[in-house]
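The structure appears below as structure tokens.
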Amino acid sequence: MPISKTPRYIPSTIEPKWQKKWEADELYHSDIDPKKKKYYAMTMLPYPSGNLHIGHWYAMTPSDARARYLRMKGYNVLFPMGFDAFGLPAENAAIKHNIHPKEWTYKNIDHMREQMRSMGNMFDWRREAISSDPKYYRWTQWFFNQLLKNGLAYRQKSLVDWCPTCNTTLAREQVVGEDRHCERCHTPVIKKELKQWFFRITNYADELLDFTGIDWPEPVKILQTNWIGRSEGASVVFHTEQGDPMEIFTTRPDTLWGATFMVLAPEHPLVKKITTTEQKEKVEAYVADAIRQTEIQREATDKEKTGVFTGGYAINPVNQERIPIWVADYVLMTYGTGAIMAVPAHDQRDFEFARKYGLEVRVVIQPDDMPKLDGATMLESVPAHGKIVNSGVLDGTPADQAFGEAVKYVEEHGMGKGAVNYRLRDWLISRQRYWGAPIPVLYCEKCGVVPVPDEDLPVLLPDDVEWKPTGESPLKLHPTWRFTTCPICGGKAERETDTMDTFMCSSWYHLRYLSPDDMDAPFDQKEYDYWMPVDTYTGGVEHATMHLMYTRFFHKAFRDLGVVKGNEPMLQLRNQGQILGPDGQRMSKSRGNVIDPDEQVRMYGADTVRAFLMFGYRWAEGGPWEPGNINGVQRWLNRVWNIFLDEAEQGKFDAEKVKLLRRKLHQTLKAVTNDYERFEFNTIVSGLMELANYMQEAKAEGAAAAPVWKEVRSIYLRMLAPICPHIAEELWKQLGLPYSIHTQPWPELDEQATKEDEITIVLQVNGKLRDKLVVPVDTTEEKVKEMALANEVIQKYLDGAAPRKLIYVKGRLVNIVK
RNA sequence: GCCGGAGUGGCGGAACUGGCAGACGCGCACGACUCAAAAUCGUGUUCCUUCGGGAUUGUGGGUUCGAUUCCCACCUUCGGCACCA
């Protein structure tokens with residue numbers, strides 16, 4: 001090796017320099033250009049927690065590389081960034097450190113913006129959107145108003161999930177785990193009855209199940225589908241003996257004749273009415289106990305079922321039978337109607353309950369492959385699929401028609417109708433917190449609920465608030481802010497003191513990027529028509545049933561209100577995995593396994609960190625941080641630096657060598673291009689490493705002094721540019737090529753150059769590799785087979801036996817079956 | 001319990017449509033350079049082996065001339081849901 005005459009590769013001397021120049025030159029500004037095809041690439045915006053962690057880098061770097069690649073491919077690419085800046089941690093910081101949430105948030109944003117700049121991303125910062133800016137949340141409030149005006153927002157008193165630590169209600173999606181804890185602070189939630197604002201996301205349940213036209217990962221679609229939880233069945237109205245209607249939902253209307261009792265949820269309004277005097281004491285005690293128990297206790301699936309008889313009876317509409325009504329906490333008030341018909345022969349829960357309390361078990365379905373069932377002796381419920389029995393007019397209906405026939409029967413006789421039920425609940429958006437977008441509503445003594453007129457928006461958050469540990473929102477404690485006048489009657493009115501769930505803010509940020517300073521509209525129509533929809537959205541799968549569902553709902557609702565167009569906001573979604581600590585655990589301060597990206601950048605430079613995050617993992621999987629693995633990437637970039645800047649070695653680099661070098665070059669280009677489309681970033685880097693190794697050898701043989709080197713360096717650096725923008729720019733400049741590498745087109749593939757002229761044919765005997773044959777590409781099948789049979793090694797394995805069969809796969813192998 | 005993802009060398013990971021398993025890198029070993037070390041460069045590196053070979057992609061079966069890839073059953077692990085009628 002010759003001694004290096006050029007300065008060594010020191011990232012810290014080149015990276016900040018180029019970042020400043022790119023910014024000064026407005027290199028990454030994206031503006032409407034009707035001549036070019038647009039590409040809206042978006043990656044999930046961070047919460048300004050204070051510091052960027054390695055996970056942000058992991059999510060953003062490949063997204064940035066791909067955006068850069070698409071730009072070089074000729075697209076007009078929009079790749080914006082912002083901050084999801086409202087939220088609880090700011091208030092916690094306010095209480096803990098006595099700093100105003102606004103101050104804390106904006107200080108963090110300033111810091112994190114600088115951290116992001118150090119990544120060398122191509123964000124167009126002119127388009128930055130910060131959800132806590134009044135110019136932003138003015139429009140969040142405007143969107144709320146439109147939903148309210150159109151009946152998609154409503155206020156209702158209901159039993160809601162309350163986090164006692166965060167002192168606020170939570171959406172159903174924000175309550176997680178078996179113990180039903182708060183997804184943010186992990187405190188088990190409790191139930192509270194409050195009057196709260198909801199959005200009618202359930203109106204869109206069916207449409208949200210339809211994913212046609214969007215390229216989203218299958219697991220995300222399944223997660224959303226399960227979350228929505230659509231079940232088809234029938235709603236059937238039973239009547240109590242007193243004549244009160246008692247509606248139930250069932251997914252098995254074909255088992256109506258097998259209902260031997262009814263069960264009400266403890267909270268069901270009919271409980272009081274039907275309970276007889278004799279049973280009153282027992283029922284009241286049971287209900288009181290059920291309500292006292294936490295949701296966790298009640299909903300434990302392994303708990304033995306309990307319940308009490310109310311003394312009341314209902315009439316089964318299909319056969320006029322008089323069946324007892326029980327109360328039991330295994331029936332939930334929050335699903336269906338809070339009342340069920342129990343068919344113990346064909347439902348395990350009902351079966352257990354019936355056996356425990358000695359209730360009748362009646363078989364109405366006889367599976368063909370089972371001995372004749374007897375309700376009195378059977379040991380468990382039988383999955384209901386088979387011939388209908390004991391069911392009056394339905395008897396003998398084949399299994400596959402039973403459901404339809406039963407619904408028909410019920411409808412014809414006016415007992416009910418086919419119905420669909422969802423697990424999905426309406427979206428609870430009220431939060432009893434300060435640091436959020438105020439719900440723009442007034443309560444007037446005379447006029448009732450009055451939306452703040454659009455032209456009066458934003459309802460500004462007051463800055464002068466105090467945090468007292470009362471658990472009450474600071475907005476409620478503010479001396480004057482709440483009190484105002486009614487825009488309709490001019491009388492006294494009070495402001496809503498709740499703020500909106502921050503998921504409301506993040507449901508539309510992709511629209512605010514279009515025109516973040518727009519004072520007249522939430523977004524500029526021209527910008528919308530050019531850029532929307534989002535072509536690729538990248539981010540974590542943890543948002544599958546929250547943000548990603550809310551933003552789809554939001555889009556569909558506003559499509560119907562004529563505000564946006566198309567059925568979906570984001571055409572393609574890709575999820576990255578998660579980087580774990582070196583111990584294989586989730587990174588957390590308390591575990592002490594956090595990798596600080598700033599430190600990595602100081603040690604290795606941004607380009608190395610970027611390339612390593614793309615190289616070290618399959619992007620969609622993620623995995624543990626392996627200290628030391630990054631060294632390989634650093635060595636590679638060093639080698640690249642030296643290959644291009646060290647003096648060219650002399651040698652006879654003949655036409656054959658040129659051909660082979662060009663072949664490797666264009667084969668790599670082909671693979672790299674393909675891998676961008678597949679989101680397989682690790683093989684992009686490994687391909688470039690492989691090519692660098694090849695180039696290094698070729699250089700030692702004199703390649704760098706040959707004319708072909710011009711093509712090699714131009715293509716190599718352009719392929720490197722999206723991944724390592726700084727070193728690519730620096731080398732590009734040092735080699736005297738025109739600024740900027742990032743405005744160059746993606747290299748053109750010479751398909752002909754990628755072609756091999758010889759191929760290796762694998763020789764197998766009975767599927768086992770025995771030898772290889774190197775032949776010219778155009779060798780005929782006959783010739784290859786002939787050579788295979790004549791091959792010495794093959795002869796040996798054949799051992800004189802005549803081959804029974806010969807498999808030939810063109811260009812790949814010959815398999816000889818003995 | 002139900003629904004999804006993932007199981008490949010000491011490690012991170014490759015292998016596109018059923019056709020050379022282990023690309024690329026880490027680590028390790030040896031060598032070159034050096035007074036020496038680091039850095040760099042080179043060689044080797046799945047396991048077993050009687051050196052002929054044999055085994056091998058979580059386990060067991062199946063389909064196939066041929067399976068990391070397709071099918072069935074199971075195990076481990078990560079995530080989601082969980083008395084949803």
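Below, chain A is the first sequence line, B the second, and so on; all start at residue 1.
A:G229 comes within 4.0 angstrom of nothing in the nucleic acid, heavy atoms only. Counting any heavy atom pair closer than 4.0 Å across all strands shown, A:R770 reaches sugar-phosphate atoms only and no base atom. When heavy atoms are screened at a 4.0 angstrom cut-off, A:K772 is found touching base atoms of the nucleic acid. As judged by a 4.0 angstrom heavy-atom cut-off over every strand, A:R635 is placed among residues touching the sugar-phosphate backbone only. If you check every strand for non-hydrogen atoms under 4.0 Å, A:G811 touches nothing. When heavy atoms are screened at a 4.0 angstrom cut-off, A:W227 is found touching the sugar-phosphate backbone but no base atom. Among the protein residues, A:N421 comes within range of no part of the nucleic acid, since none of its heavy atoms lies under 4.0 Å from any strand. Using a 4.0 Å heavy-atom criterion, one finds that A:R618 contacts the sugar-phosphate atoms exclusively. When heavy atoms are screened at a 4.0 angstrom cut-off, A:G336 is found touching no nucleic acid atom at all.
Nucleotide B:U40 forms a pair with B:A32, judged by Watson-Crick or G-U wobble geometry with both contacts under 3.5 Å. Pair check for B:G18 finds none; no Watson-Crick or G-U wobble contact set falls under 3.5 Å. Here B:U59 sits opposite B:A73 as a Watson-Crick or G-U wobble pair (both hydrogen-bonding atom distances under 3.5 Å). Base pairing of B:G9 is not made with any nucleotide, judged by Watson-Crick or G-U wobble geometry with both donor-acceptor distances under 3.5 Å. Nucleotide B:G52 forms no Watson-Crick or G-U wobble pair with any nucleotide shown, as no partner meets the under 3.5 Å limit on both distances. Base pairing of B:C83: no nucleotide in any strand meets the Watson-Crick or G-U wobble criterion (both distances under 3.5 Å). Summarising the base pairing, B:G66 is matched to no nucleotide, lacking a Watson-Crick or G-U wobble pair whose two defining distances lie under 3.5 Å.
If you measure from atom CZ of A:R230 to atom C1' of B:C3, you get 18 Å, rounded to the nearest angstrom. For A:L223 and B:C2, the CG to C1' distance is 13 Å, given to the nearest whole Å. Rounded to a whole Å, the CD atom of A:E352 is 12 Å from the C1' atom of B:G1.
Side-chain proximity of A:R349 to B:C84, B:G66, B:G25: nearest is B:C84. For A:R678, whose side chain is taken as the heavy atoms from C-beta onward, the closest listed nucleotide among B:A15, B:C20, B:G19 is B:A15. You'll find that the side chain of A:V331 is closest to B:A85, out of B:A23, B:A85, B:G4. For A:E690, counting side-chain heavy atoms from C-beta on, the closest listed nucleotide (B:C24, B:C20, B:G53) is B:C24.
No more than 12 heavy atoms of other residues, nucleotides or ligands lie within 6.0 Å of NZ in A:K670, so this atom counts as exposed by the packing criterion.
Where A:G623 and A:I807 meet RNA chain B, the nucleotide closest to each residue was compared, and A:G623 sits on the side nearer the 5' end. Nearest-nucleotide positions on RNA chain B place A:D675 closer to the 5' end than the other of A:T250 and A:D675.
For A:K805 against B:C65, a side-chain-to-base donor-acceptor contact under 3.5 Å is absent. Contact of A:N629 with B:C26 (side chain to base): no donor-acceptor pair of N or O atoms is detected under 3.5 Å.
Between A:R172 and B:A82 there is a side-chain polar atom (N or O) within less than 4.0 angstrom of OP1 or OP2. In this model, the phosphate group of B:A85 is approached by a side-chain N or O of A:Y335 to a distance below 4.0 Å at OP1 or OP2.
Checking A:T306 against A:Y286 by side-chain atom types alone, a donor-acceptor pair falls below 3.5 Å.
Within the 4.5 Å cutoff, the side chain of A:M549 has no heavy atoms near those of the A:F503 side chain.
Side-chain rings of A:F612 and A:W636 stay apart, their centers remaining 6.0 Å or farther from each other.
With salt bridges taken as basic N to acidic carboxylate O contacts below 4.0 Å, one links A:E756 and A:R663. Salt bridge A:R230/A:D206: present, at least one basic N to carboxylate O contact under 4.0 Å.
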Worksheet item: Please walk me through it: do A:R349 and A:Y330 pass side-chain hydrogen bond (donor to acceptor under 3.5 Å, both in side chains)?
Response: CA-CA 8 Å; A:R349 294 157 302 176; A:Y330 79 90; over 6 Å; no
